[in-house]
There are 2 protein chains.
Amino acid sequence: MFRALADATRRDIVTRVMNEGISVSRLATSYEMSFAAVQKHVAVLQSAGLVSKERNGREQIVRGNLSSIHRIQHLLSHFEEVWKQRALRMGDVLNDDD
Amino acid sequence: MFRALADATRRDIVTRVMNEGISVSRLATSYEMSFAAVQKHVAVLQSAGLVSKERNGREQIVRGNLSSIHRIQHLLSHFEEVWKQRALRMGDVLNDDD
DNA sequence: ATAATATACAACCAAATGGTTGTATGTGAA
DNA sequence: TTCACATACAACCATTTGGTTGTATATTAT
């Protein structure tokens with residue numbers, strides 16, 4: 001999941017489709033790469049559970065996956081807290097050091 | 001930076017060295033890979049600014065980089081907020097949808 | 001029915017990634 | 001000084017990644 005978010009294009013896609021569902025082809029027009037490349041990015045995001053697709057006529061609408069987004073938020077807060085605490089303790093260590 | 005954190009070993013290293021400075025060789029004993037591999041991971045983290053090294057005799061002590069960690073926390077909170085808001089708006093869209 | 005659009009997917013490619021071993025260098029210990 | 005340890009780094013390798021083009025299929029429009 002970290003890996004799926006490690007690509008700038010994919011982060012951008014996730015951010016955009018969280019707003020509103022956007023078709024793959026419409027997404028594709030926003031990037032300087034082929035349709036197929038964008039489609040692959042969407043596939044990566046989908047298999048990481050970050051977005052889902054819903055057929056609408058001949059289009060495939062991509063939307064951010066609410067539950068997985070909540071899961072990420074949770075993960076991030078957790079990381080944040082652990083790190084904050086470690087950082088505090090690290091301050092102590094620095095004082096205590098030598 | 002997302003990329004540097006996309007590897008599990010590196011996330012683990014970051015988490016550990018935030019506690020206390022640990023030498024590269026001591027870190028290396030914790031993983032099922034060569035010393036050189038661990039050393040490379042540390043180098044990646046270092047060039048992403050997530051950790052810094054400090055010479056102590058013949059050892060090189062790796063510590064989490066407080067300021068960059070704060071930066072990450074900031075970034076993560078920002079992402080979190082943006083996503084939260086989008087998610088809320090998305091809830092609206094879903095109600096409004098169809 | 002035919003054409004055009006939107007997508008999926010395979011095959012391919014270059015570059016990046018994550019690992020290895022080997023070698024060189026700096027530092028502490030005997 | 002000599003040995004051992006800790007590190008740095010180069011060269012190499014396999015796999016993954018991010019991109020391409022080409023082809024097939026589904027759906028809408030004419």
Side-chain angles (χ1 to χ4, degrees), chain A residues 1-65 68 72 93 97-98, chain B residues 1-65 68 72 93 97-98:
Chain A
M1 223 201 44
F2 264 94
R3 191 153 254 127
L5 290 173
D7 181 86
T9 302
R10 287 199 291 265
R11 280 195 302 276
D12 193 64
I13 291 177
V14 169
T15 302
R16 290 188 58 200
V17 300
M18 220 142 9
N19 247 333
E20 49 177 349
I22 306 185
S23 74
V24 179
S25 52
R26 185 138 146 265
L27 276 174
T29 63
S30 313
Y31 305 100
E32 292 273 291
M33 63 185 76
S34 68
F35 170 83
V38 173
Q39 195 225 329
K40 269 206 208 173
H41 280 307
V42 171
V44 170
L45 289 171
Q46 185 179 20
S47 72
L50 292 172
V51 307
S52 50
K53 287 186 295 188
E54 188 191 335
R55 177 137 246 133
N56 180 3
R58 59 183 151 185
E59 293 185 335
Q60 200 84 257
I61 306 299
V62 183
R63 345 186 100 90
N65 196 337
S68 78
I72 300 172
V93 169
D97 197 6
D98 193 5
Chain B
M1 222 201 44
F2 263 93
R3 192 154 252 126
L5 290 173
D7 180 86
T9 303
R10 285 198 292 266
R11 281 196 302 276
D12 193 65
I13 291 178
V14 169
T15 302
R16 291 188 57 199
V17 300
M18 221 142 10
N19 247 335
E20 49 177 348
I22 306 184
S23 74
V24 180
S25 52
R26 185 140 145 262
L27 275 175
T29 62
S30 312
Y31 305 100
E32 292 273 289
M33 63 185 76
S34 68
F35 171 83
V38 174
Q39 196 225 327
K40 269 204 207 175
H41 280 307
V42 171
V44 170
L45 289 171
Q46 185 179 19
S47 70
L50 293 171
V51 307
S52 52
K53 288 186 295 187
E54 187 191 335
R55 177 136 248 133
N56 179 3
R58 59 183 152 182
E59 293 183 335
Q60 199 83 257
I61 305 299
V62 183
R63 346 186 99 91
N65 197 337
S68 79
I72 300 172
V93 170
D97 197 6
D98 188 11

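Heavy-atom basis, side chains included; hydrogens, waters and symmetry copies ignored. Convention: sequence-line order gives letters A, B, ...; per-chain numbering from 1.
Summarising the geometry, atom CD belonging to B:Glu54 is positioned 7.0 Å from atom CG belonging to B:Asn56; distances are rounded to the nearest 0.5 Å. The structure places CD of A:Gln60 at 14.5 Å from CD1 of A:Ile22, a figure rounded to the nearest 0.5 Å.
B:Gln46 places none of its side-chain heavy atoms less than 4.5 Å from the side chain of B:Val44.
Among the heavy atoms of the strands, none lies under 4.0 Å from B:Ala43. Across all strands, A:Thr9 comes closer than 4.0 Å to no nucleic acid atom at all (heavy-atom distances).
Between D:dA6 and B:Gln39, no contact under 4.0 Å exists linking OP1 or OP2 to a side-chain N or O. OP1 or OP2 of D:dA4 has not a single side-chain nitrogen or oxygen of B:Arg58 nearer than 4.0 Å.
Interface limits on DNA chain C: the 5'-most and 3'-most nucleotides within less than 4.0 Å of chain A heavy atoms are C:dA4 to C:dG18.
Only A:Val24, A:Ser25, A:Phe35, listed by number, bring a heavy atom of residues 24-35 of chain A to less than 4.0 angstrom from any atom of DNA chain C.
Checking side-chain atoms of B:Arg55 against main-chain N and O of B:Gly57 turns up a donor-acceptor pair under 3.5 Å.
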**Q.** Stepwise side chain to side chain contact (heavy atoms under 4.5 Å, CB included) test for A:Val17 and A:Val42
**A.** CA-CA 10 Å; A:Val17 300; A:Val42 171; over 6 Å; no
Q: Check step by step if side chain to side chain contact (heavy atoms under 4.5 Å, CB included) holds for B:Ser30 and B:Arg16.
A: CA-CA 11 Å; B:Ser30 312; B:Arg16 291 188 57 199; 2.6 Å; yes
